[in-house]
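Step one of this worksheet: look at the structure below.
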4 protein chains.
Amino acid sequence: MRSSNKEKQDQIRNERREQILDAAVKVFSRRGVVGTKMSMIANAAGISPGLLYHYFKSKDELFTTLVEWAMEQSHSTMMYAYQFSGSPIEKIRTLTELILCEGDSAYFMLIHQARTSDGVPESAKRLIKHHSMETYVDQLYPLFKEGQQVGDIAAGDPKELVYCYLSVISGLMLLATQEDEGQYKMKVDILLRMITGS
Amino acid sequence: MRSSNKEKQDQIRNERREQILDAAVKVFSRRGVVGTKMSMIANAAGISPGLLYHYFKSKDELFTTLVEWAMEQSHSTMMYAYQFSGSPIEKIRTLTELILCEGDSAYFMLIHQARTSDGVPESAKRLIKHHSMETYVDQLYPLFKEGQQVGDIAAGDPKELVYCYLSVISGLMLLATQEDEGQYKMKVDILLRMITGS
Amino acid sequence: MRSSNKEKQDQIRNERREQILDAAVKVFSRRGVVGTKMSMIANAAGISPGLLYHYFKSKDELFTTLVEWAMEQSHSTMMYAYQFSGSPIEKIRTLTELILCEGDSAYFMLIHQARTSDGVPESAKRLIKHHSMETYVDQLYPLFKEGQQVGDIAAGDPKELVYCYLSVISGLMLLATQEDEGQYKMKVDILLRMITGS
Amino acid sequence: MRSSNKEKQDQIRNERREQILDAAVKVFSRRGVVGTKMSMIANAAGISPGLLYHYFKSKDELFTTLVEWAMEQSHSTMMYAYQFSGSPIEKIRTLTELILCEGDSAYFMLIHQARTSDGVPESAKRLIKHHSMETYVDQLYPLFKEGQQVGDIAAGDPKELVYCYLSVISGLMLLATQEDEGQYKMKVDILLRMITGS
DNA sequence: CATGAATGAGTTTTCATTCAT
DNA sequence: TATGAATGAAAACTCATTCAT
């Protein structure tokens, strides 16, 4: 059948795309935009350099796509928090553990690079601009507010608290790229003192 | 006079070197090794590209020199802590403020890049290897220990505490590269709860 | 078919390599390692400069490959002598004419350059070191010995004779690079008096 | 006194020039025009690169001067032959030994390079053009002619004989640049058979 | 006269991208 | 689709030459 043939084609195409994107995050996140050669990505994805251009018009487009993807990813991660069970602080703890241990750091790295490095495509820059820390703060704000009302979280401007929390988390993600993740359980305990204040 | 002539030459040479190194940290820390073109550094230093090679054999050598320098720099910064007045926790607060606000973040950035990026000269990698977080932990360990004895710092394995503190600080330095430094005073307060536990 | 496709690719690749090597001997032998620009070779081979680097990692590697090749070539030439018909001295005459007239002088030139010039890659130097005149002497020794037994060749230490013969030949090859080859027939006659002693 | 002062100045200047020229032959003869950096010559002469330009306008001028010098030198050497004592063939033997053992090969090398390499200043090329092997042949012609009349030298066109002799000698000079001069005495014996025919 | 820092044009080398197969 | 050869523009690096001291 035509259609099933076409579907198969599409599926293959999508799989290839994923395959490339997967390879690309890894390489980009470790070497930066400029430091990454298309041939490296092709290599990592197990295809020829030429084929990359059947799926992505250019290095820039590939990177931009990746950043877009990474941003969605990180947002969903944040939103998970609300689905966890337990009190607000427990939710926050679970979220923290998830972020620090899960090892999606490549995404954060990518976003960070897009934000801080020069030599990044304008399109990626634009994407990032609309996606400041504020966005994340807004996402978590209700949770922290609730935590304060319950008395689990220290008093003070909740926005500031969230901002501080996110900064620390982000920083740690960046560091995490290379460290061997050890005793994070304890770390989370210590970390959370910052917001529980005890 | 011969000697004064020679001295002058030497002085010029040293000044140029500093001038180049200064320009180079800035550029490298923002763009990474690969993303940095020699011409950018030359530009930033206000000299011709060719002249760079009178002072440094190659991009790699320049970068390696810089990493070496950055490591010394960051150690001295840490050691400052012991010269501050006040109780241990006050010293730590001062150090924290110094680090976060002073804007030496370029150095940290550089070290981090050397540690985490591929495409970094082997010589730099080797330098970094002998210079893990442990070194810093050892530097601050006595201060934290003392703080615990005085009762200013929360109980628990002090090594772990220092490690946690340093990780957070390092992470923030990385982030700081680009952010507009705002209300850090408050942040430091919140941050320190992590180690004071109150 | 896969396989035929692959074979074709390989063939193209090999042809290109030869094409480049051919162009390179010519240029290198006339201009020396340093005097030769990659663009000249590319030009002579009718390809773009960039393509050279698909086939050879660097100028040095290209040169070294060439020297290796030249050494093999020159040895085979010597070994030809034994296949010629006639008495020993006739074989030597034929060999001499072959060498002097055939115009493989580019190879000799190359080897000579590798041996005598500075600014030649270490790898090439090493190759050459194991390939002194002695090697050639040993190759021709039996032929000369036989010639003496037959009475065609003058008495005396045959090694010395061979060495002398080879030196003269080598020297002439070097000169020959540029001269218009004229009446070599006579020259060979005169030349051979050196070893026939009459 | 003014004048003596000026003379001294001149003398120093000339000494410097010689010093530079001496250094330059050595380097040029081994590395070729393109392979030689002005800084190498300066180094070899023990002066600063800048100072070279007080004595020679450019690399090309320096090289050209050198070629001129080398040509004069080699001609005088040839002319020596006539001053030696003994029969023609003895004179030739002495000349041959002088040339082969004295180790002025750097000059020959230089001339050869000027003749055969590309990348040589036009001025040097022009000099060389008027200075072909013919010139040398003419110089030695009378000596060989006389030798034939005396019966020391084999019959045949003397021009051809001289040409052949000179070619061989020149070739050996080129080779000699690097070899450790060993038992040349014997070689000369063997060599001369070429022209004595016995 | 002497030095060596400084320049900039020219080379080598790299790599995103295209294209024939 | 898939490959990898081919191109060319851009970057790293070299070096003859100039120039301030």
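Quick note on labels: first sequence line is chain A, next is B, and so on, each numbered from 1.
The side chain of Ser48(C) has dT7(F) as its nearest neighbour among dT7(E), dT7(F), dG4(E). Among the nucleotides dT17(E), dA2(E), dT1(F), the one closest to any side-chain atom of Ser58(A) is dT17(E). Each of dG4(E), dT12(E), dT3(F) was ranked by its minimum atom distance to the side chain of Lys59(C); first place goes to dT12(E).
Note: NZ (Lys37(A)) to P (dC15(E)) measures 3 Å, nearest angstrom. Going from atom CZ of Arg31(A) over to atom C1' of dT14(E) covers 13 Å, rounded to whole Å. Across the protein-nucleic acid pair, Arg16(C) atom CZ and dA20(E) atom P stand 14 Å apart, rounded to whole Å. One can place CG of Leu51(C) at 13 Å from C1' of dT14(E), the figure rounded to the nearest angstrom. Between Asp60(B) atom CG and dC13(F) atom C1' the separation is 12 Å, expressed in whole Å. Between Met40(A) atom CE and dC15(E) atom C1' there is a gap of 10 Å when expressed in whole angstrom units. Distance CD (Gln11(B)) to P (dT21(F)): 14 Å, rounded to an integer number of Å. The distance from atom NE2 of His54(B) to atom P of dC15(F) is 11 Å, rounded to the nearest whole Å.
In terms of position on DNA chain E, the residue among Ile12(B) and Val34(C) whose nearest nucleotide sits closer to the 5' end is Ile12(B). Each of Leu52(A) and Thr36(D) was assigned the nucleotide of DNA chain F with the nearest heavy atom; the assignment lying further toward the 5' end belongs to Leu52(A). Projected onto DNA chain E by closest heavy-atom contact, Met38(C) and Ile47(B) fall at different nucleotides, the more 5' of which corresponds to Ile47(B).
Checked by atom type and distance alone, the side chain of Lys59(C) pairs as donor or acceptor with a backbone atom of Val33(C) at under 3.5 Å.
Taking 4.0 angstrom as the limit, Tyr55(C) places none of its side-chain polar atoms (N or O) nearer than this to OP1 or OP2 of dA5(F). Using a 4.0 Å cut-off, no side-chain N or O of Tyr53(C) falls inside it from OP1 or OP2 of dT14(E). Between Arg13(A) and the phosphate of dT1(F), there is a side-chain N or O to OP1/OP2 separation shorter than 4.0 Å.
A cation-pi arrangement is found for Arg13(C) relative to Tyr55(C), the charged atom lying closer than 6.0 Å to the ring centre and inside a 45° cone about the ring normal.
We find the CZ-OG1 distance between Phe56(A) and Thr64(A) to be 10.5 Å, quoted to the nearest 0.5 Å. Rounding to the nearest 0.5 Å gives a distance of 7.5 Å between CD of Glu122(A) and NZ of Lys129(A).
Nucleotide dG8(E) is matched to dC15(F) when pairs are restricted to Watson-Crick or G-U wobble geometry with both distances under 3.5 angstrom.
Among the heavy atoms of the strands, none lies under 4.0 Å from Phe56(B).
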side-chain contact (heavy atoms from CB on, under 4.5 Å) for Met38(D) and Tyr53(D)? Distances and angles first, verdict last. CA-CA 10 Å; Met38(D) 287 302 257; Tyr53(D) 290 84; 3.5 Å; yes

